[in-house]
Visitor: 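This is the structure, below, for whatever I ask next.
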Amino acid sequence: MSNHYEAIVVGAGVVGPAIATGMARQGRRVLIVERDWSEPDRIVGELMQPAGLKALRSLGMIQAINNIEATPETGYTVFYEGEAVSIPYPHKADTAVVPPIKSCVFGGNDKVVDDGFVTTAEFEDNEYEVGVSFEHGKFISNLRKIVKAEKNVTTLEGTVTELIRDADGVHGIVVKPSDGGSPQRFTGDLTFMCDGIFSKFRKSLTDDNVPSVNSHFIALKLHNADIPVPNTGHVILNSKCDPALVYQITPTDTRVLCAYNSPQLPRDVKKYLREKVLPVFPIGLQPSFTKALEEPIKSMPNSYLTARLNDVPGLFLIGDALNMRHPLTGGGMTVGLNDAAMAVRTLEDVPSLSDREVTSAKIIDFHYDRKDLDAVINILSIALFSLFAADSSNLKILQRGCFKYFQRGGECVSIPVGFLSGTIPKPFLLTWVFTKVALYSVYCNFVDNGVLLLPLSIVQVFTVLFTAVVVFAPYLIAELFQ
Ligand SMILES: Cc1cc2nc3c(=O)[nH]c(=O)nc-3n(C[C@H](O)[C@H](O)[C@H](O)COP(=O)(O)OP(=O)(O)OC[C@H]3O[C@@H](n4cnc5c(N)ncnc54)[C@H](O)[C@@H]3O)c2cc1C
């Protein structure tokens, strides 16, 4: 039985360590396999929304944001054609509560400790929700330290090459160890597949479980940048290029992610950045942006994948392997960690994961229970990207209307940022707010066009509202009803 585990976890990125820790704290024997345990150097997962932090707390893993020189984030600043609007995270009294998972929270592990960057005053005593940004690799190393400290966990470095599968479902994995040894077989009652964006195993559910890629993010790292509004994420919008994100990841480094709205990257990436993006950046950021162009540039595809029902007994796809959205709104870790927390909570009262009937029923519950948060974050990410990267006159009207809607302040800001931060997981409220933004955009268009263009404005009422429906409705249906 030494090669048999109650839970096998594939991948130790964001989600894998959370699942493995949760399972181990339930007293289960866990194997976690990662192909490379050294600190990753990636451009993904660098800004965590408040609801991601809530999930980490509920798992007793919040201290993973400590001692990595992380930056507290109080919200966003949106720049649009020379104007700026502030979008602070909502008041805690207005947001959803994520209760602690009994087996996971003990000894104050659901509270941050003061480390000079992350403080109790900012994260525990604050009346407002707060997010955090950091170097991805350092955060992952902390998550891995937590999982490695669990006594029920065995860690292994190697690449999972196959699932052990028969007509009854999945029974384990085959691993090619990193040290070049011969492949090893491990059996497990339940295999959690957390192998991320390029998952090799998501097709185990169905052959057509394949993400779509319609845009890319091109990344720069600025050094000693003059950040316009410190401790906020910056969204830079402009009619001349696709949106860009800016946020601090260390006390001296600032990440810039520039969207490129095409399945292919530009032929000359640096030329695109220099000629199209640099000129629309806030003046203060331009010198460090120019300097960063001398360094190698990284990029990533932006993938979208609706979650399928995990209906293969013994297999539980989770994290990016299961479900992806546009990274514009920085929601991936939040969805992944909330899924991890929900999975751990859902399985908490299952005495043995080898009882496939009970375990499968719980996984079906998970599929439906996760939809509210998942739908809000995923739909918003796609809808906002469509508006912010507007490539038609109707979308540009919606883009401008959206910015003006934010300028109204009050609930026109606190509710949308509640969706974005994952703290107001209400898909039907999101639908209502999106409808209001579309109607407000049409109204602003009337005002901008004036009396002389009244006939055009009347036609645009229909074309703009039709565009809004096309941007929103297919994703609402896919996310809620698939
Ligand atoms: C450009 C970009 C920017 C992003 N920015 C943000 C952001 O700011 N905030 C945010 O919340 N989200 C962001 N995301 C999304 C976020 O990074 C992901 O949602 C998150 O990393 C998913 O976690 P995961 O554990 O599912 O996958 P990963 O974190 O990718 O982990 C997968 C792990 O599995 C391992 N693995 C893969 N295959 C195997 C195998 N066969 N055998 C063994 N191990 C294997 C990998 O080495 C890796 O460690 C961004 C995404 C992109 C593309």
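No experiment lies behind these values; they were computed from the predicted model shown. Order of appearance sets the numbers: ligands from 1, and atoms from 1 within every ligand. Position 1 is the first residue of the sequence; numbering continues from there.
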Visitor: Which of the numbered atoms in ligand 1 are under 4.0 angstrom from any heavy atom belonging to Pro301?
Guide: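 By the 4.0 Å cutoff, the relevant atoms are 53 (C).
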Visitor: What distance do Ile62 atom CD1 and Lys111 atom NZ have between them, rounded to the nearest 0.5 Å?
Guide: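 One finds 10.0 Å between CD1 of Ile62 and NZ of Lys111.
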Visitor: Which atoms of ligand 1 are found less than 4.0 Å from any heavy atom of Tyr247?
Guide: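 Selected atoms, number and element: 8 (O).
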Visitor: Can you confirm, on distance only, whether ligand 1 has an N/O atom lying under 3.5 Å from any N/O atom belonging to Arg35?
Guide: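 Between Arg35 and ligand 1, an N or O pair is found under 3.5 Å apart.
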Visitor: Does at least one non-hydrogen atom of Gly336 fall below 4.0 angstrom from an atom of ligand 1?
Guide: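 False for this residue.
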Visitor: Using a strict cut-off of 4.0 Å, indicate which atoms of ligand 1 neighbour a heavy atom of Gly319.
Guide: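 In order of numbering, the contacting atoms are 26 (O).
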Visitor: Which one holds for Pro327 and ligand 1: side chain close, backbone close, both close, or neither close, with close meaning a heavy atom under 4.0 Å?
Guide: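 The side chain, only.
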Visitor: Short N/O distance, under 3.5 Å, between Val44 and ligand 1?
Guide: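 There is no such contact.
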Visitor: Tell me the contacting part of Arg144 for ligand 1: side chain, backbone, both, or neither, using a 4.0 Å heavy-atom threshold, strictly below.
Guide: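 Near ligand 1, Arg144 shows its side chain, while the N, CA, C and O stay back.
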Visitor: Indicate whether any N or O donor in one side chain lies under 3.5 Å from an N or O acceptor in the other, for Thr187 and His171.
Guide: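 Result is no, nothing qualifies.
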Visitor: Side chain or backbone, does Asp36 bring an N or O within less than 3.5 Å of an N or O on ligand 1?
Guide: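 There is no such contact.
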Visitor: Donor-acceptor pair, distance only, cut-off 3.5 Å: does the side chain of Thr21 make one with the backbone of Ala18?
Guide: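 Not a single qualifying donor-acceptor pair exists.
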Visitor: May I ask you to check if ligand 1 and Val160 share an N or O to N or O distance below 3.5 Å?
Guide: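 It does: an N or O of Val160 is found under 3.5 Å from an N or O of ligand 1.
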Visitor: Run the numbers for me: atoms of ligand 1, each under 4.0 Å from some heavy atom of Gly11, listed by number.
Guide: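 Ligand 1 atoms under the 4.0 Å threshold to Gly11: 33 (C), 34 (O), 35 (C).
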Visitor: Judged by non-hydrogen atoms, does Gly158 sit under 4.0 Å from ligand 1?
Guide: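 Contact check Gly158 vs ligand 1: positive.
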Visitor: Is Phe139 touching ligand 1 with its side chain, its backbone, both, or neither, if touching means heavy atoms under 4.0 Å apart?
Guide: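 Within the 4.0 Å criterion, Phe139 makes no contact with ligand 1.
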Visitor: With a heavy-atom distance limit of 4.0 Å, tell me whether Arg42 approaches ligand 1 through its side chain, its backbone, both, or neither.
Guide: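 Contact part for Arg42 vs ligand 1: side chain (C-beta onward).
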Visitor: List every atom of ligand 1 that sits less than 4.0 Å from any heavy atom of Thr159, numbering the atoms from 1 in the order shown and giving each element.
Guide: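 Listed by number with element, the hits are 41 (N), 42 (N).
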Visitor: Give a yes/no verdict on whether any heavy atom in Phe198 is under 4.0 Å from an atom of ligand 1.
Guide: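 In this structure, Phe198 fails to qualify as a contact of ligand 1 - no heavy atom is under 4.0 Å.
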Visitor: Between Phe217 and ligand 1, does any nitrogen or oxygen pair lie at a separation below 3.5 Å?
Guide: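 N/O-N/O distance below 3.5 Å does not exist for this pair.
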Visitor: Does the side chain of Asp115 pick up a donor-acceptor pair with the side chain of Asn66 at under 3.5 Å?
Guide: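 Yes, a side-chain donor-acceptor pair sits under 3.5 Å.
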Visitor: Quick one about Arg370 and Asn323 (side-chain donor to acceptor, distance below 3.5 Å, no hydrogens or angles considered), yes or no?
Guide: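 Indeed, the side chains of Asn323 and Arg370 share at least one donor-acceptor pair under 3.5 Å.
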Visitor: With salt bridge (Lys or Arg N to Asp or Glu O under 4.0 Å) as the rule and sequence neighbours excluded, what pairs involving residues 297-324 come up?
Guide: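 For residues 297-324, and leaving out neighbouring residues, the salt bridge (Lys or Arg N to Asp or Glu O under 4.0 Å) pairs sorted by first residue read Asp41-Lys298, Asp208-Arg308, Asp320-Arg325.
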Visitor: Hey, does Ile197 come in under 3.5 Å of ligand 1, counting only N/O atoms on both sides?
Guide: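 The answer is no, given that Ile197 and ligand 1 share no N or O pair closer than 3.5 Å.
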Visitor: Does some non-hydrogen atom of Glu34 fall short of 4.0 Å from ligand 1?
Guide: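 Yes.
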Visitor: What distance do Ser103 atom OG and Met23 atom CE have between them, rounded to the nearest 0.5 Å?
Guide: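 CE of Met23 is found 8.0 Å from OG of Ser103.
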Visitor: Report yes or no: does Lys200 have a heavy atom closer than 4.0 Å to ligand 1?
Guide: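 Contact check Lys200 vs ligand 1: negative.
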Visitor: Could you tell me, atom by atom, which parts of ligand 1 come under 4.0 Å of a heavy atom of Leu47?
Guide: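 Listed by number with element, the hits are 7 (C), 8 (O), 9 (N), 10 (C), 11 (O).
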Visitor: Will you find, in the side chains of His326 and Ser215, an N or O donor that is under 3.5 Å from an N or O acceptor?
Guide: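 His326 vs Ser215: donor-acceptor pair found between side chains.
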Visitor: With sequence neighbours excluded, tell me which residues meet ring-ring contact (aromatic ring centres under 6.0 Å, His included) with His367.
Guide: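 For His367, no residue satisfies ring-ring contact (aromatic ring centres under 6.0 Å, His included) once neighbours in sequence are set aside.
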Visitor: Would you say Gly45 and ligand 1 have an N/O pair spaced under 3.5 Å apart?
Guide: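 Yes - when backbone and side-chain N and O of Gly45 are compared with those of ligand 1, one distance drops under 3.5 Å.
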Visitor: If you measure from each non-hydrogen atom of Met333 to ligand 1, which part falls under 4.0 Å: side chain, backbone, both or neither?
Guide: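 Looking at Met333 and ligand 1, atoms from backbone and side chain both fall under 4.0 Å.
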Visitor: Is the closest N or O pair between Val15 and ligand 1 shorter than 3.5 Å?
Guide: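 In this structure, Val15 places an N or O atom under 3.5 Å from an N or O of ligand 1.
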Visitor: Kindly compute the distance separating CD1 (Ile8) from CZ (Phe192), expressed to the nearest 0.5 Å.
Guide: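 Output value for this atom pair is 10.5 Å.
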Visitor: What residue and atom, counting heavy atoms only, is the protein's closest point to atom 32 (C) of ligand 1, and at what distance?
Guide: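 Residue, atom and distance for the closest contact: Cys194 O, 3.4 Å.
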